[in-house]
Engineer: 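The structure is given below, and queries will be raised subsequently.
Both backbone and side-chain heavy atoms feed into the values below; hydrogens, waters and symmetry mates do not. Just so it is clear: chains get the letters A, B, ... in the order the sequence lines come, proteins before strands, and each one is counted from 1. Since the model is a prediction, treat every value here as computed from it, not as a measurement.
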Amino acid sequence: MFNDAVQFVENYPLLVAAIKIVIVFLVLSGVVAYMVLAERKVLAFMQARLGPMRVGPWGLFQPAADGLKLLLKEDIIPAGADKFVFLIAPVISVVAAFTVFAVIPYGPSSALIITDLNVGLLFVVAVSSLGIYGIILGGWASNSHYPLLGSLRSAAQLVSYEIPAGMAIVGVLLVSNSLSLVKIVEAQQSSGLWNFFLQPLGFLIFLIAAVAETNRNPFDLPEAESELTAGFHTEYSGFRFALYFMAEYTSMVLVSALAVVLFWGGWLRPFASVAALDFLNYLPPVSLLMIAGVVFFFARRNPVPAEKWFLVAVAAGSAVLAGVVAVPVVITAVQPIFWFTAKVFALLYAFIWYRATFPRYRYDQLMNVGWRWLIPLALGNLIATACVLWWAGPNPGRLKLFFAMLAANLAVAIVVALLVGWRSPTAAAVEKQTGS
Amino acid sequence: MLAQSVFLILAVVALSSGVMVITRRNPVHSVIWLIVTLFSVGGIFLLQYAQFLFAVQIILYVGGIMVLYLFVIMLIRVETVAKQAPYSRQWAIGLGAVLVLACELMYGVYKGVESFHLGTPSRPPVDMNNTEAVAGVLYNNYMLPVEIASLLLLVAMVGAVLMAKKRFE
Amino acid sequence: MADEPKAPSEAQGENERPASAGQPAGSPAPIDEGSRATPAGGPSPPANAPAPAAKPPAAAKPPAKPAAKPDPWTSPLVEELQKRFPGAIRDPLIFRNQPFLTVAKESLVPVCEFLKSEEGGAYTFLTDETAVDYPKRPQRFEIIYQLYSFKRNDRLRLKVLAGEGEKVPSAAAIWPAANWLEREVYDMFGVVYEGHPNLKRILLPDEWTGHPLRKDSDILRQDEAWVQANLGIKSGQ
Amino acid sequence: MPEVTYLDADELVINMGPQHPATHGVLRVKLKLDGERVTGSECIIGYLHRGIEKIAENRTYQQFAPYVDRMDYVAAVTNGMGYCEAVEKLLGAEIPPRAQYTRMILAELQRIASHLLWLGTHALDLGAMTPVFYTFREREEILRIFENYCGARLTTHAFRIGGLLYDLYDGFEKEVRKFSDMFLGKIDEYEQLLTKNRIWLERTQNVGILKAEDAIAYAVTGPVLRGSGVKWDVRKAQPYEAYDKVEFDVPVGRHEGWGDTYDRYLVRLAEMRQSVRIIRQAVERLESGPIFGKVGKIIKPPAGFEVYHAIESPKGELGYLVVSDGTTHPYRVRVRPPSFVNLQAFDLMARGHLIADVVAIIGTIDIVLGEVDR
């Protein structure tokens with residue numbers, strides 16, 4: 001039977017790829033839908049409130065309700081809008097965001113990789129830079145001032161932050177010596193060091209640029225509700241609005257997945273080479289058991305019988321699943337996907353966390369951060385990385401490389417800080433204005 | 001065969017969208033069609049196993065330069081521009097350019113089919129991917145031109161910054 | 001709202017327009033418009049001009065407490081003002097510890113500039129500017145300026161009288177704060193300011209007719225035509 | 001250098017409001033923009049004009065009191081306090097100390113509630129989402145105290161001309177003490193989120209600069225004036241009720257002679273702390289006694305003259321000019337609305353800033369459109 005499967009895969013590669021694509025698409029849609037719920041819930045808990053509680057137990061079915069509502073809403077096209085552009089803009093956003101997932105490796109086995117392009121990294125950068133068209137064209141086509149301003153802002157913002165993000169990626173490229181995402185993870189596996197430890201500065205730059213490119217707080221200027229009502233999608237409603245919404249959350253998942261692949265070792269367990277931490281291998285079943293326990297605890301306190309039994313069923317399901325996962329063979333098979341997902345979720349949590357914590361940058365300050373800080377830092381990082389690699393020569397010792405990189409990163413940070421200086425360019429203007 | 005037909009499709013798309021670029025009155029539509037053109041050309045690169053060129057084409061032209069085009073177009077009032085006739089007093093120049101190109105084309109046709117030969121896609125060696133090949137060519141064979149070009153671009157950039165700075169003070 | 005008993009002052013104000021019963025000046029009686037508008041020899045002919053008068057019912061009931069009455073206000077500032085602007089300062093009075101005086105319209109700007117200057121007490125702060133409408137007086141509008149001096153921690157109230165259609169010099173050049181306040185007075189009372197940079201309605205729509213805070217404007221009155229034209233409803237009430 | 005002609009983008013006129021999430025009501029601002037830079041602005045107000053001053057002339061003195069709550073509807077208690085005091089001054093009436101201290105406690109609670117609302121919405125305007133939920137949580141406590149006292153949370157009509165209608169309920173002191181103890185810690189909590197936050201600093205520092213001389217010229221009052229470095233507070237300069245008997249400081253901004261949005265933020269936070277201080281002292285001095293002064297059931301102030309009475313409302317100097325004609329109805333009531341006057345300085349503060357700063361500046365002035373339009 002196993003041989004049959006192998007035969008099937010070999011005979012119909014396109015069909016298998018299509019099946020994988022469908023699976024990834026469905027799972028991703030689910031993740032995105034529940035990401036919205038998770039964001040609302042996490043934000044709510046950080047803000048001393050409960051979040052959605054109505055649809056299903058703890059609002060668990062809220063995404064379905066939201067989706068249904070948006071589907072059934074009227075699709076309004078403003079008068080004077082450029083109809084064709086207005087209609088295709090959100091589609092561009094979503095397609096660009098989803099397409100990139102084709103090259104993300106979810107695990108080491110070929111079953112978990114849709115395709116391994118040898119220019120995977122370039123493909124990622126290229127396709128994800130297309131998403132901006134959805135935003136610019138959508139804002140322009142609405143024939144309205146706020147959306148136009150929103151799309152202008154996001155055009156400037158995305159172009160500016162793509163540069164540091166790209167340069168941070170180049171640092172990874174130098175360290176890993178490949179453009180293939182699979183090879184990048186494999187390089188981290190073989191060296192036993194995540195790129196995060198070799199490129200801490202690069203990771204920081206990438207993370208900041210990623211937040212900016214997904215238009216998330218504190219860089220959510222293109223849709224800053226207090227300034228531009230809703231920015232580029234002010235005039236959108238119904239399903240097209242939902243598409244934009246989906247695109248935003250998909251890109252969040254995307255940049256998190258990318259950061260995980262590039263810097264956090266993709267599907268690798270943390271410190272995979274340290275035997276003392278092997279107990280971490282049992283985390284998948286243990287976490288499932290914990291989920292089961294928590295759900296069961298809340299199920300007992302739920303007053304609605306239907307919800308109660310649903311939750312009990314969920315708890316039981318998780319427990320059973322934990323049992324299945326605990327089987328040694330399965331546990332090894334599940335490891336990669338578990339760690340990949342866990343890391344992506346950790347980054348996604350950070351996205352939500354920023355939103356609860358930070359005020360929003362102003363447009364010029366955003367440009368300042370991008371051009372005056374991130375780009376010099378990224379450039380310096382690139383040069384320093386190249387120098388260290390040249391100095392270390394082929395196959396350097398792990399610790400040697402780590403400390404050399406750390407020192408180089410620190411040096412770059414200090415030099416850039418000194419050069420750029422702490423003085424904000426507005427200070428002079430203020431002095432002029434106040435005469436002090 | 002498949003490659004040939006894909007090439008034909010891409011070529012037709014590239015040419016027709018190129019025509020659309022210059023016939024649209026609305027500059028934003030022109031830019032959209034230009035993006036389609038660039039995509040089709042990128043597709044042709046891909047057909048030639050030049051993945052690196054394809055990626056660079058998309059990243060730089062589609063992802064960067066076209067965005068800036070749009071940025072500028074949106075800053076000026078599109079409605080007024082759309083009312084003006086697109087290439088009003090340049091018929092003579094246009095005609096001349098077309099004539100020159102036509103001559104070139106005729107010469108090519110006259111020279112024979114060989115000049116249209118696409119050439120067999122040059123598969124790079126298995127142990128070396130496209131990107132490395134490009135890098136090797138650029139930084140080993142043409143080091144000096146690359147450096148000169150980059151210096152030139154740097155000068156242009158500094159100049160642009162300087163001009164913009166003057167503008168705001 | 002409409003069947004609320006009407007304020008006596010207003011109800012009578014309309015009936016009483018022709019009445020001209022003389023009223024001894026300075027009596028603690030109701031609002032004695034004439035007596036305040038004219039004392040101490042203003043430009044208008046002396047005292048007994050159309051001194052309109054009071055409402056019999058209110059006058060019949062004297063206040064329960066001994067009549068509170070403003071006292072004359074004497075201070076170096078008043079003397080200085082009278083010296084500098086002879087004839088322009090009238091009625092320096094003080095009531096409940098709040099001094100106020102009336103300034104002739106023509107010398108309003110120099111008086112204000114003097115008051116704003118250091119030697120005039122540094123009344124740099126125009127807290128408020130508003131108007132009160134006394135339709136039966138010859139000069140129906142009393143424009144009231146609330147000044148404050150940080151230096152003296154002191155408030156001073158200036159009054160300027162203006163008749164229907166008379167222009168009042170704008171204080172916006174002296175205190176920029178007067179800009180909107182004067183626009184509001186214009187909007188609500190129809191007092192026209194001379195030299196105001198941007199005199200147009202502020203709270204009501206630009207095309208509105210009527211000035212609602214005038215006493216002869218009924219509380220239920222509104223610009224029906226505007227409401228129908230712009231809001232598409234029959235009435236705003 | 002050769003002459004260069006620049007291709008200028010058209011000047012954009014954008015309409016902010018009256019339906020805009022950051023204009024705090026129905027304010028409409030016409031902004032002239034060069035790119036995103038504001039080159040000029042015009043505030044268009046009046047969308048909430050209800051003719052409160054006209055209504056006053058058609059109501060008795062007592063009947064009008066509930067209307068003033070509808071002006072600054074997030075600080076109804078101070079509105080009512082100002083009006084009652086103005087009429088009391090016109091009458092020459094004395095208020096017993098218990099009523100005075102009660103009024104002060106409630107007014108200071110109201111000041112805290114108003115500042116909390118301001119802080120939350122201001123932070124929300126600048127993109128910080130969380131503080132608003134925290135501040136509303138504490139504001140809720142204050143509103144609950146109001147509700148226990150007079151049955152209403154927002155438009156309280158808490159006071160009557162002459163004193164109080166209701167004596168304090170049992171446990172009032174305890175509740176207020178509990179609140180003031182709890183609240184100081186909460187202010188620290190807000191400060192942890194914002195005060196040293198780098199983005200917050202960049203968004204508020206050097207934004208909406210108002211020089212002290214401009215502030216005085218535009219008759220700006222309240223925290224906006226104090227933020228510009230002018231140490232002036234009606235409660236200190238011309239005390240009313242028993243503010244001369246309690247100790248408190250008047251916080252000012254960090255600079256000599258000018259202030260920015262961050263200064264005003266600091267001033268308001270410091271003011272909340274001072275309010276707690278006042279509340280604590282006032283609660284200590286609450287003695288049993290009468291709660292109503294010698295004011296008759298029918299209010300007929302002496303005819304012919306007017307008084308102006310100003311109090312320090314959360315937004316600034318709230319003044320009432322009450323003109324009497326000797327009847328039971330005021331001849332004219334003029335409200336000197338702090339929001340209206342402060343809003344006038346908006347254009348000055350906004351010029352040359354970016355759209356995003358406009359939001360910050362509207363927020364920092366702390367306007368309530370009910371009071372601007374009346």
Engineer: List the steps and the verdict of side chain to side chain contact (heavy atoms under 4.5 Å, CB included) for Tyr308(D) and Thr130(C).
Structural biologist: CA-CA 12 Å; Tyr308(D) 175 81; Thr130(C) 187; over 6 Å; no
Engineer: When heavy-atom pairs shorter than 4.5 Å are enumerated against chain C, which of Val341(D), Leu343(D), Thr221(D), Ile298(D) gives the highest number?
Structural biologist: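 Ranked by heavy-atom pairs under 4.5 Å with chain C, first place is Leu343(D).
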Engineer: Between atom CG of Leu321(D) and atom OG1 of Thr127(C), what is the distance when rounded to the nearest 0.5 Å?
Structural biologist: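 It comes to 11.5 Å.
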Engineer: Atom NZ in Lys54(D), atom CE in Met188(C): separation rounded to 0.5 Å?
Structural biologist: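 If I round to the nearest 0.5 Å, the distance is 10.5 Å.
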Engineer: Tell me, for Asp154(C) versus chain D, whether the close heavy atoms (under 4.5 Å) come from the side chain, the backbone, both or neither.
Structural biologist: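 The answer is the backbone of Asp154(C).
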Engineer: Identify whether NZ of Lys or CZ of Arg in Lys215(C) sits under 6.0 Å from the centre of the six-membered ring of Tyr331(D) and within 45° of that ring's axis.
Structural biologist: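 Yes, a cation-pi geometry.
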Engineer: Identify which part of Leu204(C) has an atom lying under 4.5 Å from any heavy atom of chain D, answering side chain, backbone, both or neither.
Structural biologist: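 Looking at Leu204(C), just its side chain touches chain D.
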Engineer: Taking atom CD as the centre, does Glu94(D) end up with more than 12 heavy-atom neighbours from other residues, nucleotides or ligands that are less than 6.0 angstrom away?
Structural biologist: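 For Glu94(D), atom CD is not crowded (no more than 12 foreign heavy atoms under 6.0 Å).
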Engineer: Could you walk me through whether Lys159(C) and Glu306(D) pass the side chain to side chain contact (heavy atoms under 4.5 Å, CB included) test, one step at a time?
Structural biologist: CA-CA 12 Å; Lys159(C) 293 182 179 181; Glu306(D) 69 276 315; 2.8 Å; yes
Engineer: If I take atom CG from residue Asp373(D) and atom CG from residue Leu203(C), how far apart are they, to the nearest 0.5 angstrom?
Structural biologist: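 It is 6.0 Å, given to the nearest 0.5 Å.
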Engineer: Is it the side chain or the backbone of Asn97(C) that comes within 4.5 Å of chain D heavy atoms, both, or neither?
Structural biologist: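 For Asn97(C), neither part sits under 4.5 Å from chain D.
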Engineer: Quick check: closest heavy atoms across Leu126(C) and Ala219(D), and the distance to 0.1 Å?
Structural biologist: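 Scanning both residues completely, I find the closest heavy atoms to be O-CB, 3.1 Å.
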Engineer: Pick one of side chain, backbone, both or neither for Ile144(C), based on which atoms fall under 4.5 Å of a heavy atom in chain D.
Structural biologist: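 Just its side chain gets close to chain D.
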Engineer: Atom CG of Leu181(C) and atom CD of Gln344(D): how far apart are they, to the nearest 0.5 Å?
Structural biologist: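 Rounded to the nearest 0.5 Å, the CG-CD separation comes out at 6.0 Å.
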Engineer: Can Glu184(C) and Arg374(D) be counted as an ion pair, charged N to O under 4.0 angstrom?
Structural biologist: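 A salt bridge links Glu184(C) with Arg374(D).
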Engineer: Any chance you could measure Leu90(D), atom CG, to Gln98(C), atom CD, to the nearest 0.5 Å?
Structural biologist: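 Result: 9.5 Å between the selected atoms.
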Engineer: Do you know which of Asn198(C), Asp128(C), Asp133(C) has the most heavy-atom pairs under 4.5 Å to chain D?
Structural biologist: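 Looking at each of Asn198(C), Asp128(C), Asp133(C) in turn, Asp128(C) comes out on top.
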Engineer: Could you check whether the rings of Tyr148(C) and Trp232(D) sit parallel, tilted or perpendicular, using 30° and 60° as the cut-offs?
Structural biologist: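 Tilted, since the angle between the ring planes falls between 30° and 60°.
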Engineer: Select one option (side chain, backbone, both, neither) describing which atoms of Val230(D) are under 4.5 Å from chain C's heavy atoms.
Structural biologist: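 For Val230(D), the side chain is the part near chain C, not the backbone.
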Engineer: Which bit of Arg157(C) comes within less than 4.5 Å of chain D, counting heavy atoms only: side chain, backbone, both or neither?
Structural biologist: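 Side chain only.
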Engineer: Between Ala217(D) and Pro176(C), what is the shortest heavy-atom contact and its length?
Structural biologist: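 The answer is O-CD, 3.4 Å.
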Engineer: Donor-acceptor pair, Arg155(C) side chain versus His309(D) backbone, under 3.5 Å?
Structural biologist: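 No, Arg155(C) side chain to His309(D) backbone: no donor-acceptor pair under 3.5 Å.
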Engineer: Give the intermediate values and the outcome of side chain to side chain contact (heavy atoms under 4.5 Å, CB included) for residues Tyr218(D) and Asn179(C).
Structural biologist: CA-CA 9 Å; Tyr218(D) 279 91; Asn179(C) 189 329; over 6 Å; no
Engineer: Where does Arg336(D) contact chain C at under 4.5 Å (heavy atoms): side chain, backbone, both or neither?
Structural biologist: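 Contact with chain C involves both backbone and side-chain atoms of Arg336(D).
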Engineer: Please report the closest heavy-atom contact between Val220(D) and Phe125(C), naming both atoms and the distance.
Structural biologist: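 Nearest heavy atoms, Val220(D) then Phe125(C): O-CZ, 3.4 Å.
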Engineer: Taking the side chain as every heavy atom from C-beta outward, state whether Val307(D) and Phe95(C) have any atom pair closer than 4.5 Å.
Structural biologist: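 A side-chain contact under 4.5 Å exists here.
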Engineer: Would you compute the distance between atom CG of Leu213(C) and atom CD of Glu53(D) and round it to the nearest 0.5 angstrom?
Structural biologist: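 Output value for this atom pair is 5.5 Å.
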